[in-house]
Asks: 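To start, I am sharing the structure in question, which I have written as structure tokens.
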Amino acid sequence: MQQQINNKQRTHQAEEQVAIAQAEMARMQTANDELTATNHQLQQRVTAMQSYQDAAGRWFAQSAVLLKRQQELYEKTMSERQRQRNEPILTQKQRDKLQKYDAMVKQVKRLSKSVSEQEKRLAKGQKENEQLHRLRPTGVQNVSADEQVNQALAAGKYEQLRWLPRANKRYRRLLFDRVIIGDGEHVFGFFVNVGERLIFKTITGQTYSKYQRRFPANTPIQTGVVYGGVIAGQQLWLTDLFYDVTPSQLQRQHTQQLHRRRSHFDFSKVLPADAVDVCRGKRVMVVTWQRAQTLNQALRAFRMEPVIVNDHEKSIGWISQQIRSNQVDFTLLLSEGLSHSMLGALGKTFINQSPDIQLVYNESPEELLRRCYAYFKR
């Protein structure tokens, strides 16, 4: 029995290592895509600067030809003056040409200086491009993703992986957005033991005793991971498995959304002195189920006109119409007030493409005030 327990522990550790390797592989692939995009942008910048340099060179050559012609004209005029001292030397037209010559000399000098600056910029861009080439993993087309991760984690290359903490933080933020906020179609939860049966419990508390798996049927059901699925009648179809978020993390994050930390009573000290002038008269809609009175007090402290609603008090159509028809200046969609139906009515694409709509979670009233001030101050 002890040997079986040890085998299970080694199997669990191996699965965790595989999950970690897969996550590292995905992050390295994302970093590689970002480097490729950056390299493409730099190549475009280098091409544009090269075109500008070529055009400047042609203009400089043409200016040199014109300058030479003016010099020849000047020498011819001086020679004519020596030959006819008692006669008018230059006509008015010739004087105008000489004035243009002086202006052209200054223009050529400015153009020469501009060409020199562009050459410096081009050299700097080429140097940055070479640095990106050195940082970019070699052999991407022929090396598997896990081998790329192993190469990047080799000794002496850790200084190139400073982006890993930020990438991991961003990945977990996106993961919680997907699991906790949802997309209106999937449900997320975990399995619990009830007697001798496994019951699926969602984050909102629903339970399902009947379920089917769309991933490989021989994959055993685990109680320490989070699953995603879709509901078909009374049956649950499991479609996704999340190793990077545990049921305890899922419940803790959901609890943080429902119970926020205490806010300051005097909200007037939260924002800078010019906040009242910046925010005065702005109509702000907050979609939430909780803290309506506190948020109303906080927003009105800076002379804003809050509209705090949820889809129990107002219809989803009315809320969506207010947001889409520009009836409000700024909208905050709090995750504890954004139902799947509300999210589906607005659409994530519309939310992401609208700078006056922000989807937030796990933020206090003070942080929401700072969001409003930053938006109206820009």
Side-chain angles (χ1 to χ4, degrees), residues 23-68 103-175 177-178 347-359 371 374-378:
E24 292 293 338
M25 178 178 63
R27 288 193 286 272
M28 286 298 300
Q29 188 63 41
T30 302
N32 179 62
D33 295 340
E34 292 177 352
L35 286 174
T36 302
T38 305
N39 180 50
H40 180 67
Q41 293 176 357
L42 285 175
Q43 287 290 351
Q44 292 179 339
R45 288 173 53 190
V46 169
T47 302
M49 287 190 289
Q50 186 65 46
S51 301
Y52 182 81
Q53 183 181 14
D54 294 342
R58 292 193 297 270
W59 176 255
F60 184 78
Q62 184 179 5
S63 300
V65 172
L66 294 176
L67 177 61
K68 182 177 180 181
M104 186 173 294
V105 170
K106 296 179 181 178
Q107 184 178 5
V108 169
K109 290 181 178 179
R110 290 195 300 269
L111 185 59
S112 178
K113 182 179 179 181
S114 177
V115 169
S116 300
E117 293 176 353
Q118 291 298 325
E119 289 177 348
K120 293 179 181 178
R121 293 179 183 176
L122 180 61
K124 183 179 179 181
Q126 290 175 342
K127 184 177 179 180
E128 293 176 353
N129 193 24
E130 292 175 358
Q131 292 176 351
L132 286 176
H133 272 298
R134 288 195 296 269
L135 291 175
R136 183 179 181 182
T138 58
V140 175
Q141 304 297 330
N142 300 321
V143 180
S144 63
D146 56 342
E147 291 177 350
Q148 295 176 39
V149 172
N150 292 331
Q151 290 176 3
L153 293 177
K157 292 188 177 181
Y158 290 108
E159 69 277 1
Q160 301 178 10
L161 303 178
R162 297 174 182 174
W163 48 267
L164 271 178
R166 295 193 304 272
N168 180 62
K169 183 177 180 180
R170 174 62 176 166
Y171 166 73
R172 296 192 66 81
R173 179 70 177 266
L174 293 174
L175 184 61
D177 280 347
R178 180 183 178 189
K348 279 192 174 181
T349 302
F350 175 76
I351 295 174
N352 294 333
Q353 294 177 353
S354 303
D356 58 336
I357 302 176
Q358 293 186 12
L359 175 62
R371 279 184 178 270
Y375 175 78
F376 294 127
K377 182 69 174 178
R378 62 187 175 88

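These figures come from a predicted structure and were not determined experimentally. In this chain, numbering begins with 1 at the start of the sequence shown.
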Asks: Nearest 0.5 Å, what's the OG1-CD distance between T38 and Q43?
Replies: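 Result: 12.0 Å between the selected atoms.
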Asks: Taking side-chain hydrogen bond (donor to acceptor under 3.5 Å, both in side chains) as the definition, give me every residue that meets it alongside N352, ordered by chain and number, with sequence neighbours left out.
Replies: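 Partners of N352 under the side-chain hydrogen bond (donor to acceptor under 3.5 Å, both in side chains) test: none.
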Asks: Got a donor-acceptor contact below 3.5 angstrom from the T30 side chain to the A26 backbone?
Replies: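 Present.
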Asks: Do you know which two heavy atoms are closest between L111 and S63, and how far apart they sit?
Replies: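 Smallest interatomic distance, heavy atoms only, reads CD2-OG, 4.4 Å.
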Asks: What pairs with S354 under side-chain contact (heavy atoms from CB on, under 4.5 Å), at least two apart in sequence or on another chain?
Replies: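 If we apply the side-chain contact (heavy atoms from CB on, under 4.5 Å) test to S354, skipping adjacent residues, the hits are F350, D356, I357.
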Asks: Could you check if a side-chain atom of S114 sits within less than 4.5 angstrom of a side-chain atom of F60, using non-hydrogen atoms only?
Replies: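 Sidechains of F60 and S114: no contact.
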Asks: Tell me, please, which residues at least two apart from K377 pass side-chain hydrogen bond (donor to acceptor under 3.5 Å, both in side chains).
Replies: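 K377: side-chain hydrogen bond (donor to acceptor under 3.5 Å, both in side chains) contacts with D274.
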Asks: Backbone N or O of V108 within a donor-acceptor pair of the S112 side chain at under 3.5 Å?
Replies: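 It does not hold such a pair.
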Asks: Suppose we screen for side-chain contact (heavy atoms from CB on, under 4.5 Å). Which residues come up paired with Q50, at least two apart in sequence or across chains?
Replies: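 So Q50 forms a side-chain contact (heavy atoms from CB on, under 4.5 Å) with Q53, D54, L122.
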Asks: Who passes side-chain contact (heavy atoms from CB on, under 4.5 Å) against D33, sequence neighbours left out?
Replies: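 In terms of side-chain contact (heavy atoms from CB on, under 4.5 Å), with neighbours along the sequence ignored, D33 is linked to Q29.
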Asks: Looking at residues at least two apart in the chain, or sitting in another chain, which of them share a side-chain contact (heavy atoms from CB on, under 4.5 Å) with R378?
Replies: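 Residues passing side-chain contact (heavy atoms from CB on, under 4.5 Å) with R378: Y375.
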Asks: Strictly below 4.0 Å, N to O, side chains only: are E117 and K120 in salt-bridge contact?
Replies: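 Not counted as a salt bridge, because no side-chain N and carboxylate O are separated by less than 4.0 Å.
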